[in-house]
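In each ligand, atom 1 is the first atom listed, and ligand 1 is the first ligand listed.
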Amino acid sequence: MPRPSHTSLPDTVHSPLRIGLMGFGCVGQGLYDILQQLPEFGAEVRRIAVKNPAKTRPLPAHRFEYHADALLDDPELDVLIEVIDDAAEAFRLVKAALQQGRRVITANKAMLARHLPELVQLQEQFGGTLLYEASVCGSIPILRTLDAHFGSEPLRSVSGILNGSSNYVLTRMTQEGTDYAAALAEAQLLGFAETDPTLDMAAFDPRSKAVILAAHAYGLLLQPEQVLHLGIEAITPTDIAYAQAQGHKIKVVATLEQLPDGRVTALVAPTFVAADSPLYTVEHEFNGVSVEAAFAGTQFLRGRGAGGHPTGSAVLSDLAALQRQQAYGYTKLRQTAPAFTNNLAVEIYLRTPKENVLEALTLTDVSVEGSGPEGYFAVGYTTLATLLEQRENLRQAGALVVRTGPIRITEVAQQVAESALAQ
Ligand SMILES: NC(=O)c1ccc[n+]([C@@H]2O[C@H](COP(=O)([O-])OP(=O)(O)OC[C@H]3O[C@@H](n4cnc5c(N)ncnc54)[C@H](OP(=O)(O)O)[C@@H]3O)[C@@H](O)[C@H]2O)c1
């Protein structure tokens, strides 16, 4: 993967900024509304491309067109904003725009997580700019914070609640004793969860965000499949009660962590969160991210992770950055990337209706084990690599895995790391 050596922009920025908007759903309309309320901002939505000609729109029909490629072909547009809901098409459009050296903003985390290396390389090759603050944690300015503010500072960890839908479900289950299906139906009714909830509840969405964070926090370009992601589809009130009895809440936490030996790991999993963690009070559809920096210490950002206005606000901040001729510095991406590892031990709580899952995880140092009406349960150590390998089996078996403790270097991994350092 080529590392970027510089990011260049055309010398002048037209005022007002002439925007080509691709997509007019939740995010597109949110941004449009914000710009209507801020005429002094200096941006004008010139053209809007959508997909379905039969849909009723909140603006007159003449404002819409149905071929996003026509926006690509318009050299008068200063910025192209891609906020469509089709990752493959989004990649085609963003790639084509960057090949023209254009300024592009996207919110599409699934597309970015899959194609970030190529998109970074296209910016480098053709001199365009891609900004994507809205893709991680909606309104929370985490990417610019990592890229600009912490661009030169080593980070011990970045961890957070990056998915509002699953957090909403867990909050309802914890506070009201609601069961999973009812809490999910409520989240869907309120518009927090997708019609197909798998992306949120099986943690595909926060995995995409973890991949994007890894690029800015550590200069690591990961493929989504390298990152363990465990969801909450199998969670029951029994699991919530078990956590509460230990003084914890269960939250889906994405963790990026640099180990003392310099290697970096990343995972997304339901996790025991203690009352002294800033994540403990992040409830409902809110997101929160904690950054532990080598010199600054710990900082915490909390805010709305989704919705038209919060996400539109992040796109607005990208527009403002483009007005100021700013692009991501990718400072850490220009340095030698740290090694990535899943060869680490972690303590988990496992509950599974099927005994063979218990065997497959080869738990060690088991401190709790037994069985009940909802299957077998145990608390013990396994490795991230084993969980990654067994992820689909766990899901098919209807098992729940909750991380209950810190990540540890296993003895085998320690020996490998020491012999590598000795060479
Ligand atoms: N919603 C959020 O809170 C949120 C937060 C962060 C990031 N995001 C990301 O932002 C993006 C947009 O999400 P959304 O919630 O706004 O989606 P949405 O409400 O489903 O709207 C999608 C829009 O894209 C349009 N579209 C789809 N395919 C198109 C194509 N080929 N050409 C032109 N337009 C096309 C649709 O057209 P029609 O109107 O004709 O159907 C619709 O206007 C996604 O990548 C999502 O992951 C969303």
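Within 4.0 Å of ligand 1, contacts by protein heavy atoms are made from Gly23, Phe24, Gly25, Cys26, Val27, Ala49, Val50, Lys51, Asn52, Lys55, Arg57, Val83, Ile84, Asp85, Glu89, Ala107, Asn108, Lys109, Ala134, Ala306, Gly307, Thr311.
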| message | Using the rule given for salt bridge (charged side-chain N to carboxylate O under 4.0 Å, His left out), can you reason through Arg172 versus Glu283, listing the C-alpha separation, both sets of side-chain angles and the distance that settles it, and then say yes or no? | response | CA-CA 9 Å; Arg172 294 294 290 163; Glu283 303 287 29; over 6 Å; no
| query | How far apart are the C-alpha atoms of Lys332 and Glu153, what are their side-chain angles, what is the distance that settles it, and do they pass the salt bridge (charged side-chain N to carboxylate O under 4.0 Å, His left out) test? | reply | CA-CA 9 Å; Lys332 289 178 178 168; Glu153 183 163 344; over 6 Å; no
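For the salt bridge (charged side-chain N to carboxylate O under 4.0 Å, His left out) with Arg47, the lone residue among Asp74, Asp69, Asp78, Asp73 that qualifies is Asp74.
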In residues 292-305, what donor-acceptor pairs under 3.5 Å come from side-chain atoms, sequence neighbours left out?
unit_1 : atom_1 : unit_2 : atom_2 : d
Glu292 : OE1    : Ser157 : OG     : 3.3
Arg304 : NH1    : Glu285 : OE2    : 3.2

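Between Phe272 and His248, the ring-plane angle classifies as parallel under the 30° and 60° cut-offs.
Under a cutoff of 6.0 Å and an axis angle of 45°, Arg57 and Phe64 form a cation-pi pair.
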